[in-house]
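Okay, so here's the structure we're looking at.
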Amino acid sequence: MEKLKRPVYLKAGTDDFFKKMRTEVNETILQNSSLYLFNIIKSLGLLVLFFLFYSCILIFGNSTPLLFLFYILCGINMIVLFINAFHDAAHGALFKKSKHNEWFMYVLELFGGNHWLWTRRHINLHHAYPNVPDWDVDIKQSDIIRIFPNSPLFNYHKYQHIYMWLIYPFYSLNWIYIRDFKDFFGKKDNYVKKVVEAIPTREVYTLFIAKAINLFYLLLLPMLLLSQPWYLVLVAWFAMHLFGSMIGVVALVSTHVDEDAHFPVTDEDGNLSATWAMHQMIVTKDFSTNSKLANFLYGGFTHHVAHHLFPGVGHTYYPYITPIIRRYAAEYNLPYTSYPFYHAVRSHFRMLKNKGIHENIMMIGEI
């Protein structure tokens, strides 16, 4: 893919709100070391819990109801682990030492992911330029769905608000077994190659080996050890991904892509019209911030504005940072949105309906 000029944010002034906000957060919230320890305990606990559920598949899997139960629990736990622990580690926010975060990210390979690729996709593209067309790879993934206003509009997009209900449950399967390979070897719309000169050969081998290991222990080994028919194990494995994806998609559709979403574009010189911090406030939204269950499950996604403003901070700090953000938003007249998850999901599908018709083809969402 052609290497486009990187977008440039407006330079912040001396009275920029974020400089004051960052100082306040550093001097108050980040001094609480107990939140750091809680994050580590939670993350390691989720990892242990996953393999406990997996062990139960091998021990109790000859009972069909228990086979499906523990596969589904593995799927839900896998997504929660990814959203919380691996997400924080990718940002260098789980452990204080970068090498410990790097070591922990290697565990992601056991779940079929590729930490080298995902870090570049998520950090260098999504977080660097959220909602910016031709850069945010987390939004532009396939022509099956049209979100960016400058994406091509096909006839079938008029039904995307319907058929995406059926496609989203396959999100993790697509991520692990299709998207990673497209980003490694694909040429069309390969955003990753905008920020990577060449993919290390070691990572190519790691990609294939990790996915083989993942399929072996999660699918083939239960087929070999259990007395269940192979196709029943396969269906339970599918159920693991379907249920996990349904949990994960709530986070993915609730934070950047609702019906009021902005998709800022650069001018001819590659400049964006807002500062980095203001841009994060404009394109990011929170959901269900007051729900303890949502905060536990979705980590840095419920308080997603805090995450985008402080990506190097663990998600356990965000519930305490968000009130500061709200205060600054009121004081400086900054954009800030928080709504229940069901409103966010409903708004996302209304956006899909709007983006699937010709009347919206000229809407570019400039700021």
Side-chain angles (χ1 to χ4, degrees), residues 68 71-84 86-87 111-113 118 121-122 125-126 130-131 136-149 151-183 189 191 218 234-261 263 283-288 293-294 297-302 304 339-357:
F68 277 83
Y71 257 117
I72 290 171
L73 288 175
C74 275
I76 295 172
N77 189 275
M78 173 181 68
I79 295 299
V80 173
L81 181 62
F82 181 89
I83 289 174
N84 288 267
F86 293 131
H87 188 216
F111 294 84
W118 182 69
R121 224 164 32 196
H122 186 68
L125 288 166
H126 170 65
N131 283 38
D136 190 346
V137 69
D138 281 359
I139 293 179
K140 173 59 178 176
Q141 297 184 17
S142 169
D143 285 337
I144 291 175
I145 184 172
R146 182 176 186 267
I147 294 179
F148 279 138
S151 295
L153 178 65
F154 299 106
N155 287 333
Y156 56 80
H157 285 146
K158 69 177 69 173
Y159 306 111
Q160 66 178 0
H161 63 290
I162 299 173
Y163 63 69
M164 286 309 298
W165 286 98
L166 304 176
I167 292 177
Y168 275 142
F170 293 89
Y171 187 87
S172 64
L173 286 169
N174 174 70
W175 180 302
I176 297 172
Y177 303 111
I178 298 177
R179 186 184 176 193
D180 280 357
F181 288 99
K182 286 174 63 177
D183 285 343
D189 293 336
Y191 285 31
L218 278 176
L234 180 62
V235 173
W237 176 81
F238 267 111
M240 174 188 74
H241 281 284
L242 296 181
F243 277 83
S245 294
M246 286 188 285
I247 295 293
V249 163
V250 172
L252 298 172
V253 306
S254 299
T255 51
H256 293 286
V257 285
D258 66 344
E259 58 193 319
D260 299 316
F263 302 99
V283 302
T284 313
K285 295 177 174 68
D286 290 347
F287 73 95
S288 299
L293 176 61
L297 291 176
Y298 292 109
F301 283 81
T302 49
H304 212 55
Y339 38 33
F341 83 92
Y342 55 84
H343 175 92
V345 173
R346 186 169 63 238
S347 182
H348 171 73
F349 281 93
R350 283 199 294 258
M351 181 276 298
L352 290 184
K353 185 175 182 179
N354 292 336
K355 289 292 188 289
I357 58 178

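Note that the coordinates shown come from a computational prediction; the quantities given were computed from them, not determined experimentally. Numbers here simply count residues along the sequence, with the first being 1.
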Exercise. Does a side-chain heavy-atom distance below 4.5 Å link Leu297 with Ile83?
Worked result: no

Exercise. Would you say the side chain of Tyr171 lies within less than 4.5 Å of the side chain of Arg179, judging by non-hydrogen atoms?
Worked result: yes

Exercise. Hey, is CZ on Phe148 packed in by over 12 heavy atoms from elsewhere, all under 6.0 Å?
Worked result: yes

Exercise. Would you say Ser254's side chain and Ala344's backbone share a donor-acceptor pair under 3.5 angstrom?
Worked result: no

Exercise. Phe287 and Tyr298: aromatic ring centres closer than 6.0 Å?
Worked result: yes

Exercise. What are the two closest heavy atoms between Asp180 and Gly112, and how far apart are they?
Worked result: OD2-O, 4.0 Å

Exercise. Taking only residues two or more places apart in sequence, or in another chain, which ones meet Leu218 in a side-chain contact (heavy atoms from CB on, under 4.5 Å)?
Worked result: Phe50, Tyr54, Asn214, Trp237, Met240

Problem set entry | Nearest heavy-atom neighbours spanning Asn131 and Ala261 | ND2-CB, 4.4 Å

For this session: Return yes if a side-chain donor-acceptor contact under 3.5 Å exists between Ser172 and Ser245, otherwise no.
Result: yes

Exercise. Counting only heavy atoms not in Tyr156, do more than 12 sit closer than 6.0 Å to its OH atom?
Worked result: yes

Exercise. Can you list the residues that meet the ring pair (Phe, Tyr, Trp, His ring centres under 6.0 Å) rule with His161, with sequence neighbours excluded?
Worked result: none

Problem set entry | Within-4.5 Å side-chain heavy-atom neighbours: Ile79 and Phe243 | no

Seminar exercise, completed: Residue set satisfying salt bridge (charged side-chain N to carboxylate O under 4.0 Å, His left out) with Asp258, at least two apart, ordered chain then number -> Lys285

Exercise. When rounded to the nearest 0.5 angstrom, what is the spacing between OH in Tyr177 and NE2 in His241?
Worked result: 4.5 Å

Exercise. Can a donor-acceptor pair be found between the side chains of His126 and Asp136 at a distance below 3.5 Å?
Worked result: yes

For this session: Find the distance between CZ (Phe349) and CD (Gln160) and round it off to the nearest 0.5 Å.
Result: 10.0 Å

Exercise. So which heavy atom on Asn84 is nearest to which on Val80, and how close?
Worked result: ND2-O, 2.8 Å

Problem set entry | Separation between CD1 of Ile247 and CG of Leu252, rounded to the nearest 0.5 Å | 12.0 Å

For this session: Could you list the residues that satisfy side-chain contact (heavy atoms from CB on, under 4.5 Å) with Ile178, not counting sequence neighbours?
Result: Asn174, Lys182

For this session: Start with the C-alpha distance between Leu173 and Phe238, add both sets of side-chain angles, then the distance that settles side chain to side chain contact (heavy atoms under 4.5 Å, CB included), and finish with yes or no.
Result: CA-CA 9 Å; Leu173 286 169; Phe238 267 111; 3.6 Å; yes

Exercise. Taking side chain as C-beta onward, heavy atoms only, is His87 less than 4.5 Å from Trp118?
Worked result: yes

Exercise. Asp138 versus Leu125: any side-chain heavy-atom pair under 4.5 Å?
Worked result: no

Exercise. For the residue pair Tyr339 and His343, does the interplanar ring angle fall in the parallel (under 30°), tilted (30 to 60°) or perpendicular (over 60°) class?
Worked result: tilted

Exercise. Name the one of Phe170, Phe181, Phe82, Phe111 that satisfies ring pair (Phe, Tyr, Trp, His ring centres under 6.0 Å) with Trp175?
Worked result: Phe82

Exercise. Can you tell me how far CD1 of Ile147 sits from NE2 of His256, rounded to the nearest 0.5 angstrom?
Worked result: 11.5 Å

Exercise. Salt bridge (charged side-chain N to carboxylate O under 4.0 Å, His left out): which pairs involve residues 339-349, sequence neighbours left out?
Worked result: none

Exercise. Is it true that His348 and Tyr168 have ring centroids separated by less than 6.0 Å?
Worked result: yes

Exercise. Can you find a heavy atom in the side chain of Tyr163 that is under 4.5 Å from one in the side chain of Ile144?
Worked result: yes

Problem set entry | salt bridge (charged side-chain N to carboxylate O under 4.0 Å, His left out) contacts touching residues 237-255 (sequence neighbours left out) | none

Exercise. So how far is it from Met78 CE to Phe86 CZ, rounded to the nearest 0.5 Å?
Worked result: 10.5 Å

Exercise. What distance do Met246 atom CE and Trp165 atom CH2 have between them, rounded to the nearest 0.5 Å?
Worked result: 11.0 Å

Problem set entry | Minimal non-hydrogen separation, Arg146 against Ser151, with atom names | NE-O, 2.9 Å

